[in-house]
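Remarks on the structure that follows.
Throughout, a chain's letter reflects where its sequence line sits, starting with A, and its residues are numbered from 1.
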2 protein chains.
Amino acid sequence: MLPSPGAGPTTGHDLTEAVLRPARGYHAFEACVEQLAATIRLGVYPLGSTLPSERELSERLKVSRSTLREAMAALREAGLVETRRGRGGGTVVTLKPRTPSARAAARITEGKRQDWLDSLVFRRIVEPGAASLAARATLDEGALAQLDEAHEDVARARRPAEHRQADSRFHLTIAALTGSHRMVEAVTSVQATLHEMLLAIPVLEANIHHSDRQHASLVRAIRRGNHDRARAVMEEHCDDTAALLRGLLG
Amino acid sequence: MLPSPGAGPTTGHDLTEAVLRPARGYHAFEACVEQLAATIRLGVYPLGSTLPSERELSERLKVSRSTLREAMAALREAGLVETRRGRGGGTVVTLKPRTPSARAAARITEGKRQDWLDSLVFRRIVEPGAASLAARATLDEGALAQLDEAHEDVARARRPAEHRQADSRFHLTIAALTGSHRMVEAVTSVQATLHEMLLAIPVLEANIHHSDRQHASLVRAIRRGNHDRARAVMEEHCDDTAALLRGLLG
DNA sequence: GGGTAAAGGTCTGAGTTCATACCAATTCGC
DNA sequence: GCGAATTGGTATGAACTCAGACCTTTACCC
């Protein structure tokens, strides 16, 4: 029912509570730090690789170079990157991927816990959707090679920390195969949160083999264009992780 | 394969092109205008309803009151709202919902066209996912009433412009039923883009009846907790709209 | 070796955004 | 009617962000 004109203040739509969210995260500076740190921690830029130049990055992130430089300084100070000047110089990643269980669970606020649970719910929709779309898409040789490479990386990784990064890259690669910017953004956000959870919650990745089998099934389904199967496998994959994490979050 | 340390500049990960996106949209001011305008146009605040006070809105949107007020001034100037001072005053919506076909297609840039197509792809994943989640959730009486009301609104709406707003509210309501912030945000974004498309592309909503039957099926499936059916119906619903729009976009 | 190109480092002035007061108008409750 | 509460309107100074120009360092090329 439409509220009558002039009705009381804030006609009781529950929708409005859900829809009106922060228009913009923090400052540009913090947004840059977060995004770059996430990109590095997720292994998009692995140890030893060189980030794009400051000028290019500032253009990509749509912030001024000054602001980007402040963000870089923060990353440098935090020990994620190192910078060399001059031609051929640039900023290289020095962060060794951390072992998931290495850090004790920081104080988890109730807000954070809610956000994490939310993230698991959203992931269960978005990632299977990405898998389904990727399976539907007609993939050229380059794309298939990219998928295989990402899969081999994760299958080959031995140490937990490296496995974690390769896993993120694998999931992001699938999202990228869909060709949808929004999909990539959604999966990036979800993976970043997932990564945060895995760092904060000491959980033994006991079932890496299990996970790898699912990855292999996923790649097969995508290559065959079997989108229902791709979605189903990814759903199971998400459910397995989520069950583990939810158990530890209460 | 992990790139060797010190390898050339920007080791050729295609992922990075997809992942590094603008860290922050334009200015806070513009973000507010866009979000509020979208909220109003989508009918979350219908004609005649009163927006929350400036102080509350600025807190919700996480911007200063000054900035919010500039956004409000823009909305006022654009004729979307009117403002009265004093206790019991506030800002009321004066925008009559526009008839979709009323405006000629503005010059559609290639970038915008791509974004629109992207949005349709993402919607096809997100909204069926929301429907599925909503069907899984245990809904209390209030939630069910909210769903029914949104459905009745859209079924009752006669004029195209009102139907459009009610339709947006219906879809947003389903998203809200999932209880997931990210889901609401995703559906809001997708619906805003959809709304923009429908305004720019003169398309006769010839099949309102067809659409309404799908809505009814959707509500039934959600109430019964039949999540597979809910997802399937929503997928069909999205596909129908998308086919129409894609045809007109080339 | 010298020139050029490419990268980070520095500076500056204008524009935005913010937090925090305080003012003005209007309504509600007694 | 009158005071208190609520709402929009105004003002100010600090902090942040931006765009652009210019400097310094370093590697590559001839």
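In this structure T67(B) satisfies the side chain to side chain donor-acceptor pair (under 3.5 Å) test together with S64(B), sequence neighbours excluded. By the salt bridge (Lys or Arg N to Asp or Glu O under 4.0 Å) test, R158(A) is found to be paired with no residue, residues two or more places apart in sequence or in another chain being considered. Judged as a side chain to side chain donor-acceptor pair (under 3.5 Å), and not counting sequence neighbours, the contacts of R76(B) are T83(B). Every ring-ring contact (aromatic ring centres under 6.0 Å, His included) that H215(A) has, sequence neighbours left out, goes to F170(A), H171(A), H237(A). In this view, E82(A) satisfies the side chain to side chain donor-acceptor pair (under 3.5 Å) rule with no residue, not counting sequence neighbours. Remark: R65(B) pairs with E54(B) by the side chain to side chain donor-acceptor pair (under 3.5 Å) rule, at least two apart or across chains.
If you measure from atom CD of E59(A) to atom P of dA6(C), you get 15 Å, rounded to the nearest angstrom. Rounded to an integer number of Å, the gap from CZ of R55(B) to P of dA19(C) is 14 Å. When rounded to the nearest whole Å, the span between CD of E56(B) and P of dG8(D) equals 10 Å. Protein atom CG of L57(B) is 11 Å distant from nucleotide atom P of dT7(D), rounded to whole Å. Atom-to-atom, CD of E54(B) to C1' of dT10(D) comes out at 12 Å; the value is rounded to the nearest Å.
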Inset, instruction - Heavy atoms under 4.0 Å is the rule here; annotate nucleotides 24-30 of chain C 5' to 3' with B where the base is hit, S where only the sugar-phosphate is, and - elsewhere. - result: BBBBS--

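Near DNA chain D, meaning a heavy atom under 4.0 Å away, the residues from residues 65-75 of chain B are R65(B), R69(B).
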Side chains of residues 118-125 of chain B: which donor-acceptor pairs under 3.5 Å do they make with residues two or more places apart or in other chains?
residue	atom	partner	partner atom	Å
D118(B)	OD1	S180(A)	OG	2.8
D118(B)	OD2	H181(A)	N	2.6
R123(B)	NE	E127(B)	OE2	3.2
R124(B)	NH1	D239(B)	OD1	3.0
R124(B)	NH1	D239(B)	OD2	3.0
R124(B)	NH2	E235(B)	OE1	3.3
R124(B)	NH2	E235(B)	OE2	3.4

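Listed nucleotides dT17(C), dT7(D), dT17(D) differ in distance to A28(B); the shortest reach to its side chain belongs to dT17(C).
A176(B) approaches V184(B) most closely through the heavy-atom pair CA-CG2, 3.8 Å.
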